[in-house]
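Okay, structure first, notes after.
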Amino acid sequence: MPELPEVETIMQGMRPALEQRFLQKVQVNRPDLRRPFPAHLKETLTQRRIIKLYRRAKYILADLEGGWTLLIHLGMSGRIFIDPPGHPIEERRHEHVVMITDEHTRLALVDPRRFGMVDLFRTEEAAHYPPLASLGIEPLDDGALTPEHLKHALGKSLTPIKNALLDQKRIVGLGNIYVCEALFRASIHPARPATQLTNKERERLCMIIPEILHEAIKAGGSTLRDYVTTDGEKGTFQTMHQVYGREGEECIFCAQHHKKTALIMRITQSGRSTFFCPQHQRK
DNA sequence: ACATGACCCTGTGAGC
DNA sequence: TGCTCACAGGGTCATG
């Protein structure tokens, strides 16, 4: 579910509750999500101070005292609920991990589909820790997403640009929504072989991708169904979607640029929906 | 080395 | 009302 803007929003929402706090009580309600939890999860977290929270790709990371780092991935349906001290606790399904801080703030990881992940690794091993080791360009880092770096990341790959931009080994943070939106704004057909993009097209992507991600973070992310921020608020970026979920509707870009009316199409690429305008996103 | 498809799981909404 | 089907924001394997 959550792509970079949603993960960033959630992480920022967790910060005031977690940074510099001790975890007074940790409840682990099942043995695994996509993978087994580390056997020592509860023991390692309990009574430990959280130094800082940050994000890499779509992972939420927390450095803990004693050299451990906690990693949380929300998969497709993962959410974090934060209940302030004294808040009545409502009954929620799929609360897999619950953490209560020394200030009595309650954080619950809820993930109905269980595609998420919770793990621990030694902080100094981050560069060799498999889920993080092979990640690609972090698009919001200063100087990271340049046309040259993007060219290198796409390499000689003949895979469709849509799939290449979803591949976290090349560039991180984009998911199905933001890839569709980026290609739409950059006027690039999603089926174009990745390696065959022109310099101009790579330049446009390098402008547009951070632009969209920043706008989406500002809007608190996109809520399609059930995504909510840690305050329980919905994101509002879905109202700014220009193609995603708009199959059969009129292309906004073509309407603005006095082109002939065009209708948004939906195709399937590697089993996932792609939305695009067949008129201005040229092959 | 690379690309594709199956798979992991539950929930929801559309259509009958 | 209740059923079946398609589809959902992601990542990892096995296979070719």
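Order of the sequence lines fixes the chain letters, A, B, ..., with proteins taken first and strands second; residue numbering starts at 1 for each chain.
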Interatomic distance where [atom1] belongs to [X] and [atom2] belongs to [N] [whole Å]:
| X | N | atom1 | atom2 | answer |
| --- | --- | --- | --- | --- |
| A/Tyr244 | C/dC7 | OH | C1' | 9 Å |
| A/Glu247 | C/dA8 | CD | C1' | 15 Å |
| A/Arg266 | C/dC7 | CZ | C1' | 8 Å |
| A/Arg79 | C/dA8 | CZ | C1' | 13 Å |
| A/Ile161 | B/dA3 | CD1 | P | 12 Å |
| A/Leu165 | C/dG9 | CG | C1' | 16 Å |
| A/Gln269 | B/dT4 | CD | P | 9 Å |
| A/Asn176 | C/dG11 | CG | C1' | 13 Å |

Atom pairs, protein N/O to nucleotides 9-12 of chain B N/O, distance under 3.5 Å:
unit_1, atom_1, unit_2, atom_2, d
B/dC9, O3', A/Arg114, NH2, 3.4
B/dC9, O2, A/Arg113, NE, 2.9
B/dC9, N3, A/Arg113, NH2, 3.3
B/dT10, O4', A/Pro112, O, 3.4
B/dT10, O3', A/His94, NE2, 3.4
B/dG11, OP1, A/Arg93, NH1, 2.8
B/dG11, OP1, A/His94, NE2, 2.7

(message) Which residue is it: A/Arg49, A/Arg48, A/Arg21, A/Lys52? I am looking for the one with a salt bridge (charged side-chain N to carboxylate O under 4.0 Å, His left out) to A/Glu65.
(response) A/Arg49
(message) Given A/Ser222, which partner from the list A/Gln238, A/His241, A/Glu3, A/Lys234 fulfils the side-chain hydrogen bond (donor to acceptor under 3.5 Å, both in side chains) test?
(response) A/His241
(request) Answer yes or no: is there a donor N or O on one side and an acceptor on the other, between the side chain of A/Thr195 and the main chain of A/Leu158, under 3.5 Å? (result)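 It does not hold such a pair.
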(request) Hunt down the Watson-Crick or G-U wobble partner of C/dA8, both distances under 3.5 Å, from any strand shown, or write none. (result) B/dT10
(request) Please state the P separation for the pair B/dG11 and C/dT12 - nearest whole angstrom. (result)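 One P to the other, the span is 24 Å.
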Identify each atom pair where a protein N or O and an N or O of nucleotides 12-16 of chain C are less than 3.5 Å apart, giving names and distance.
unit_1, atom_1, unit_2, atom_2, d
C/dC13, OP1, A/Arg35, NH2, 3.0

(message) Starting the side chain at C-beta, find the nucleotide from B/dA3, C/dA8, C/dG10 nearest to A/Glu3.
(response)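 Among the listed nucleotides, the one closest to the side chain of A/Glu3 is C/dG10.
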(message) Using every non-hydrogen atom in the two residues, find where A/Asn199 and A/Arg202 come nearest and quote the distance to one decimal.
(response) OD1-NH2, 2.5 Å
(message) Quick test of your reading of the model: are A/Arg55 and A/Glu138 salt-bridged, counting only N-O distances below 4.0 Å?
(response) yes
